[in-house]
Student: 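The structure under discussion is supplied below as structure tokens; questions concerning it will follow.
Here the structure is a predicted model, which means the values were calculated and not measured.
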Number of protein chains: 2
Amino acid sequence: MLRRTPSLVQQVKMHLKQRIRAAEFADGRFPPEADLARELGVSRNTLRDALSQLEAEGVIFRRQGAGTFVSQAGLMVKTRLEEIIPYETLIRQHGYNPTVKLLSVRQEPVEPEIKAGLEAENLSDLLVIKKLFLAGDTPVIFSITYLPPHLITRPYTPDDIRGPIYRFLPRFCQQEFAYYLTEIVPVDAPPWLADTLQLPSHRTVLLAFDETGYNQDDRPVVRARSYFRHDLIRLRLVRRLAV
Amino acid sequence: MLRRTPSLVQQVKMHLKQRIRAAEFADGRFPPEADLARELGVSRNTLRDALSQLEAEGVIFRRQGAGTFVSQAGLMVKTRLEEIIPYETLIRQHGYNPTVKLLSVRQEPVEPEIKAGLEAENLSDLLVIKKLFLAGDTPVIFSITYLPPHLITRPYTPDDIRGPIYRFLPRFCQQEFAYYLTEIVPVDAPPWLADTLQLPSHRTVLLAFDETGYNQDDRPVVRARSYFRHDLIRLRLVRRLAV
DNA sequence: CAGTGGTCTAGACCACGGG
DNA sequence: CCGTGGTCTAGACCACTGG
């Protein structure tokens, strides 16, 4: 997997974010698009693509006829739900030091409902991966991942499992990961979960992600359930009016 | 508020959605971009803008060198979290008949935390709006909205309040609504809420949206908290890898 | 009115895949 | 290889705001 040069749009995005972090636009105002494009040596279209993405992320906002401005609220958003990021990064963005504990990797029977979502009703067992993510010393995320074992085409070690499953798939399953279809569910933690996450007794309500991962052929290849200590890990997103 | 012609991109989007609904692409395959653009009489750029949006919504997926395809999973997604839609529409998308009950509209003191988020610490009271949304006969969403009363510049009737607050703002407050910054929170329903939503005694865990609405000048103008019966209203979204 | 962002076009070239 | 989608450009015109 070689990295190719990030697209111009990506580079412009990163460049502008950098300048925002450096508080270069002290009054919160961007230069006109034409000037900025010329300065960066890209077409206005390319610059505008980057600006549109930054606006969708809540970093800036634009007003026709008026200008482009740095958004104050956008700076508060630690997480953008519609983007998949490693849980370690998520924890780091919240200001903690992340650790992963690989609790278990086993092939075992699972509920029919899980298998159905993977179009794997005929399989008896799935590969079940359990992980615990710590923020400092505090467990904050617990995840269970289900993978049909027949997808795996190369031998792997536990270390290969420690990272996100969407990194594992292309490397060991000849599957390109495309997207998660995620359902957000509130959960009253059962004792085993409260135990695993070392929840204080008065805090048993958690946020959970119920995810189905699809490959680039739009076939479901993996399912996962993740539980979050929402009091420590905040899930925020920017919502806009549908057109 | 006059409607202007929807942009070409919007029109193309709607047109393609329509053709997908009509199952016109039986094998799930789109024509090549160049052909489709010519057929629709738009430039390839315009067509591609529409396709990109449809892809982001999970309706289609594209593979370089291979083609553009209708996504199966995308058809299952009833809700896209990053888009604001009226709760009535949300309920209808779930196959129920929606009703709104305006429970109360009162000016009253609120917690300092709410006022702080609205930069209204110096106000003693805010306008507090409580609504209940039914799916058929079943209460499924309860919402509380907080609005600084001094924003209102025109007299209004209760009927003007029944709709979404982001429609009220431009009409009665001379404020253009821009976006919500939303935090997703799991909640163990207190008795008053379980009562309002007529929850079965074993179902007290709810999903809540904690929202701050911003105007086009990026100033907070409204706060809202909505509680969802997640067993009846599913909140799903498509998540993609961050670039 | 001048200056800003919003929309749309035609055309070029690149990267990837197996119709 | 050819055909697909991916990227980028230069330029035109429109819509809106009050620098």
Student: Less than 6.0 Å separating the ring centroids of A:Phe69 and A:Phe30?
Tutor: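 That pair fails the under 6.0 Å test.
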Student: Which whole-number value in Å describes the distance from A:Leu8 CG to C:dC14 P?
Tutor: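 So the CG-P distance, A:Leu8 to C:dC14, works out to 14 Å.
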Student: Which pair of heavy atoms, one from B:Ile141 and one from B:Ser226, lies closest together, and at what distance?
Tutor: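 Closest approach of B:Ile141 to B:Ser226, heavy atoms only: CG2-CB, 4.5 Å.
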Student: Would you say the ring centers of A:Phe228 and A:Phe209 fall short of 6.0 Å from each other?
Tutor: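 Yes, they do, as the ring centres are separated by less than 6.0 Å.
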Student: If you measure from OH on B:Tyr180 to CD on B:Glu211, what distance do you get to the nearest 0.5 Å?
Tutor: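 CD of B:Glu211 is found 5.5 Å from OH of B:Tyr180.
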Student: Side-chain polar contacts of residues 156-167 of chain B - donor-acceptor pairs under 3.5 angstrom, sequence neighbours left out - could you list them?
Tutor:
unit_1	atom_1	unit_2	atom_2	d
B:Thr157	OG1	B:Asp159	N	3.4
B:Thr157	OG1	B:Asp160	OD2	3.3
B:Asp160	OD2	B:Thr157	N	2.8
B:Arg162	NH2	B:Val100	O	3.0

Student: Kindly give the atom pairs (protein nitrogen or oxygen, nucleotide nitrogen or oxygen) under 3.5 Å for nucleotides 17-19 of chain D.
Tutor:
unit_1	atom_1	unit_2	atom_2	d
D:dG19	N7	A:Arg29	NH1	3.3
D:dG19	N7	A:Arg29	NH2	2.2
D:dG19	N7	A:Ala66	O	3.1
D:dG19	O6	A:Gly65	O	2.2
D:dG19	O6	A:Ala66	O	3.2

Student: Expressed in angstrom and rounded to an integer, what is the separation of B:Glu55 atom CD from D:dT7 atom C1'?
Tutor: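 Distance, rounded to whole Å: 15 Å.
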Student: With the side chain of A:Ser43 defined as its heavy atoms from C-beta on, choose the nearest nucleotide among D:dC8, D:dG5, C:dG5.
Tutor: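 Given the options D:dC8, D:dG5, C:dG5, the side chain of A:Ser43 is closest to D:dC8.
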Student: Atom pairs, N/O to N/O, protein against nucleotides 11-13 of chain D, distance under 3.5 Å?
Tutor:
none

Student: Taking only N and O in the side chain of B:Arg48, is any of them less than 4.0 Å away from OP1 or OP2 of D:dG6?
Tutor: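 True: B:Arg48 side-chain N/O within range (under 4.0 Å) of D:dG6 OP1/OP2.
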Student: Whole Å only: how far is the CG atom of A:Asp49 from the C1' atom of D:dT9?
Tutor: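 From A:Asp49 CG to D:dT9 C1': 12 Å.
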Student: In this structure, how many angstroms lie between the P atom of C:dG3 and the CZ atom of A:Arg62, rounded?
Tutor: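 It works out to 21 Å between those atoms.
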Student: So does B:Arg48 get a backbone contact from the side chain of B:Ser52, meaning a donor-acceptor N/O pair under 3.5 Å?
Tutor: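 Indeed, once roles are kept as given, a pair shorter than 3.5 Å links the two residues.
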Student: Can you measure A:Lys13 atom NZ to D:dT7 atom C1' for me and round it to whole angstrom units?
Tutor: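 So the NZ-C1' distance, A:Lys13 to D:dT7, works out to 15 Å.
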Student: Map B:Phe30 and A:Val9 onto DNA chain D by nearest heavy atom, then report which one ends up closer to the 5' terminus.
Tutor: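 Closest to the 5' end, via its nearest nucleotide, is B:Phe30.
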Student: Just the rounded figure in Å: distance from P of C:dC16 to CZ of B:Phe61.
Tutor: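 The distance from CZ of B:Phe61 to P of C:dC16 comes to 19 Å, rounded to the nearest Å.
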Student: Distance check needed: D:dT7 C1' versus B:Leu51 CG, whole Å only.
Tutor: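 Spelled out: CG on B:Leu51 to C1' on D:dT7 is 15 Å.
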Student: C:dC16 P sits how many Å from B:Glu33 CD, rounded?
Tutor: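 That distance rounds to 16 Å.
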Student: Since syn is defined as within 90° of 0, does D:dG19 count as syn or as anti?
Tutor: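 You should classify D:dG19 as syn.
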Student: Within 45° of the six-membered ring axis of A:Tyr179 and under 6.0 Å from that ring's centre, is NZ or CZ of B:Arg240 located there?
Tutor: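 Yes, B:Arg240 sits over the ring of A:Tyr179.
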Student: Between A:Ser71 and B:Tyr214, does a side-chain hydrogen bond (donor to acceptor under 3.5 Å, both in side chains) hold up when you go through it step by step?
Tutor: CA-CA 10 Å; A:Ser71 170; B:Tyr214 292 81; over 6 Å; no
Student: Is NZ or CZ of B:Arg154 both nearer than 6.0 Å to the six-membered ring centre of B:Phe172 and within 45° of the ring axis?
Tutor: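 Because its charged atom sits under 6.0 Å from the ring centre and within 45° of the axis, B:Arg154 does stack over B:Phe172.
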Student: Closest to the A:Ser7 side chain: D:dT7, C:dT9, C:dT4?
Tutor: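 Minimum distance to the A:Ser7 side chain belongs to D:dT7.
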